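To start, the structure itself, in structure tokens.
The structure presented is a predicted model; accordingly, all values stated were derived computationally and were not measured. Chain letters run A, B, ... following the sequence lines, proteins first, then strands; residues in each count from 1.
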Protein chains: 4
Amino acid sequence: MDSSNNLSDVFLQYSAYMEDEQSLREEIRSQVRELEQTAREMTTLLQSVHQQDGIQNIPAICEKAKGLYPTIKEHYAALSKKVPKDQYYRFHDHWRFVTQRMAFVAALLVYLETEQLATQQMVADAIGVALNKEDGFILDLEDYLAGLLMLSSELSRFVVNSVTAGDYLRPFRVAQFLSELSAGFRLLNLKNDNLRKRFDGLKYDLKKVEEVVYDLSIRGLKPKQET
Amino acid sequence: MDSSNNLSDVFLQYSAYMEDEQSLREEIRSQVRELEQTAREMTTLLQSVHQQDGIQNIPAICEKAKGLYPTIKEHYAALSKKVPKDQYYRFHDHWRFVTQRMAFVAALLVYLETEQLATQQMVADAIGVALNKEDGFILDLEDYLAGLLMLSSELSRFVVNSVTAGDYLRPFRVAQFLSELSAGFRLLNLKNDNLRKRFDGLKYDLKKVEEVVYDLSIRGLKPKQET
Amino acid sequence: MDSSNNLSDVFLQYSAYMEDEQSLREEIRSQVRELEQTAREMTTLLQSVHQQDGIQNIPAICEKAKGLYPTIKEHYAALSKKVPKDQYYRFHDHWRFVTQRMAFVAALLVYLETEQLATQQMVADAIGVALNKEDGFILDLEDYLAGLLMLSSELSRFVVNSVTAGDYLRPFRVAQFLSELSAGFRLLNLKNDNLRKRFDGLKYDLKKVEEVVYDLSIRGLKPKQET
Amino acid sequence: MDSSNNLSDVFLQYSAYMEDEQSLREEIRSQVRELEQTAREMTTLLQSVHQQDGIQNIPAICEKAKGLYPTIKEHYAALSKKVPKDQYYRFHDHWRFVTQRMAFVAALLVYLETEQLATQQMVADAIGVALNKEDGFILDLEDYLAGLLMLSSELSRFVVNSVTAGDYLRPFRVAQFLSELSAGFRLLNLKNDNLRKRFDGLKYDLKKVEEVVYDLSIRGLKPKQET
């Protein structure tokens, strides 16, 4: 029967297409795993800022972590080559989480070095992806924002450990930074449930840092430099 | 304070970007609603093939339903204009369901007219979208396949009503078609949970049509024309 | 302290308001329970159409069931008096379900007597509520539609029992009715999840009735009156 | 066929009715979004009371925030015009959350300016809605109460930041206020699960403020002015 042969041929084509997509996904997954590995290394390096001696050596720790940026960029370049230009959002879920984590890492590095907020552009440059849709592999705004919201949790922990290490000034500056960050997020109409929940986390982190500041103040440990 | 102002400016930009995306989604949603309306009209028209007098007038019913293709094409053209070229998959969820339904409608029309399987190319042409990623607004393979799997349920119902209307030949041909369709799907490595579940539906529909064929055979109602 | 007294006074007012609402809800609940009781009695009476001797006595069964309409109307009148005019939707959940059930009962009665579809107006008149918002206690469109969708399940059962009782004509007419009802629902853009799920039930019921028709046809039990 | 045409006409009417409701909901949603935007701006402005320099400038901050009340009132007026008089509770869910937030904002403003509790009447007047059901668009009592319960969390944070800014008197007054507020809520028979859970939050906030008061007392930082 003629139609039967045709039908089978047609499905063999679909099958080939699906197998191709399947192996593309496999390749993407494997490339993302390498990216995750380097991201994990950077995160681990940055964990030492919470140590007593780390707090004294922040610039050195940042330098060491930044030494992995070229590898991160290579991974993104390799990933970008695998993903067809117009299909970024088809496979987005594969690298969404690691990109949020890298946005966090980049924002933490910028904060530790300059006490400023890393913009989306700064994060995109640091990890070697584009900012605009037209430029191919991009840093999605929501992934960037999710990364910023991870930052607040890290900083609230950092504040506690700074006080332990005898740095009583840090909490006041972090409180100020998180308060501005929180004001920034309030300007956004967060439709994304995930971002909204994480923003609640930021509010909670800010409150926690303010309580550290309160503890210092009430004990007369508020440094003079702060008026 | 300088950093605070910057931070607020930066977030206002992000906010504007998010509002833009929000209104784009609104526009897409509203365009999809119009598409759904026409898809609903086509489905309703095609429902009359299940009526006693409809079964005698299939060509006329098909012609009437096909009269809505130009409107469908207009809706897809309008939708396609709204969606940025490289962001098809970013907004895919909005039109995924109606496109599966249109794939079903197109495949039903082709089956009713030719008793052949509509290929992805044929469906894409019928509804006025592209087949290749490079050509912009496309018919995703999985949406096309989901449409085919809706077809089996409709055909099993059609078989029952054909027998009622006295057409004892139809079930044999539909059984053959569904059996080939099922064989086709078996060639695919279905990773997609949704497709896999619907494929179970196809197996069930085929079984049901085979039972009708059995009923006819056991009662000696199997037409001679069938070899 | 002055503010403390004020604050306590203010909360006592709120408390009184909430207690009032609470007892209003209690009264509504109790009135709805009475309505449910009569609705249950009507449903029970109508169940006998499924019995062998019931199928021969449908007009008598309908008359008996309709004898409870005055009581239903009294209950709705009493309920309507309890609910503040502009707060129908505040307490809607209390009578939503029983009203859907009464819409079903009224539509079943109309179908059994005339084999026609009861319109929203006809159902509203039968149970003694208004159709328009301006007229106070109303029959909400979605509740009416939910009632119609309950009807399809009842009719698919009725068809089976009619055949058992030797009425081979009934299934053909019910299939026609449900097919038209289904076409009607296809015209609606059902946003309400509950209605959408019940509409899937109607499609299933229609398929079941068509299978009964098929069974009759294949066995040569298709009555002559039907062409 | 006559009945079929009728049935289709009837459903076309229902469809038109449902489409109308759908577009009304769209309009309401879009109006609510504008209201949310202004509410967000007011909340952001009020966040600066937690800053070191903000605590010294509360009257100025309040004035600035209150400058947005006319816009809020315009939004509520526009919203009120869209909602049919007797259908407030039909669409209530659309503006419930933002109204709770506005009740919080209004209550915070009244507290910051007078250290008194804003009554339901005061909140209704501030945002330009009615108090009584007869007057159309109202402030639902439960929404008002939900707003008050958001206030306690904000005040417990405010207390911590006041101490940091050197104001050791504030915590004693806030503790007194929250204690009265808590006593007020105890007078209510809270059936609403949401309110009940938030009331647990108030108890927790009160405890936290009392701990600040304890910290101050134990360190001899309790100001003399407090009796």
Over 12 non-hydrogen atoms of neighbours within 6.0 angstrom of OH in C/Y17: yes
Pair D/Y144 and C/Y14, ring centroids less than 6.0 Å apart: yes
Distance in Å, C/Q87 CD paired with D/Y88 OH, rounded so as to fall on 0.5 Å steps: 10.5 Å
Interatomic distance, C/S15 atom OG to D/L190 atom CG [nearest 0.5 angstrom]: 9.0 Å
Residue that, paired with D/K191, satisfies side-chain contact (heavy atoms from CB on, under 4.5 Å) out of C/Q22, C/M18, C/R25: C/Q22
Nearest-0.5 Å distance that lies between atom CG in D/L187 and atom CD in C/Q13: 12.0 Å
Under 4.5 Å from a heavy atom of chain D, the part of C/L181 involved: both
Heavy atoms from other residues, nucleotides or ligands near NZ of C/K197 exceed 12 (cutoff 6.0 Å): no
Side chain to side chain contact (heavy atoms under 4.5 Å, CB included) assessment of C/D140 paired with D/R90: CA-CA 11 Å; C/D140 186 81; D/R90 184 173 200 191; 3.5 Å; yes
Choice from D/E142, D/Q121, D/E19, D/H92 maximising heavy atom contacts with chain C below 4.5 Å: D/E19
Top contributor to chain D contacts, counting heavy-atom pairs under 4.5 Å, from C/L12, C/N189, C/L145, C/L188: C/L188
Pick from C/P84, C/G184, C/A183 with the largest number of heavy-atom pairs that fall under 4.5 Å of chain D: C/G184
Best-contacting candidate, C/L141, C/T119, C/L117, against chain D by heavy atom pairs under 4.5 angstrom: C/L141
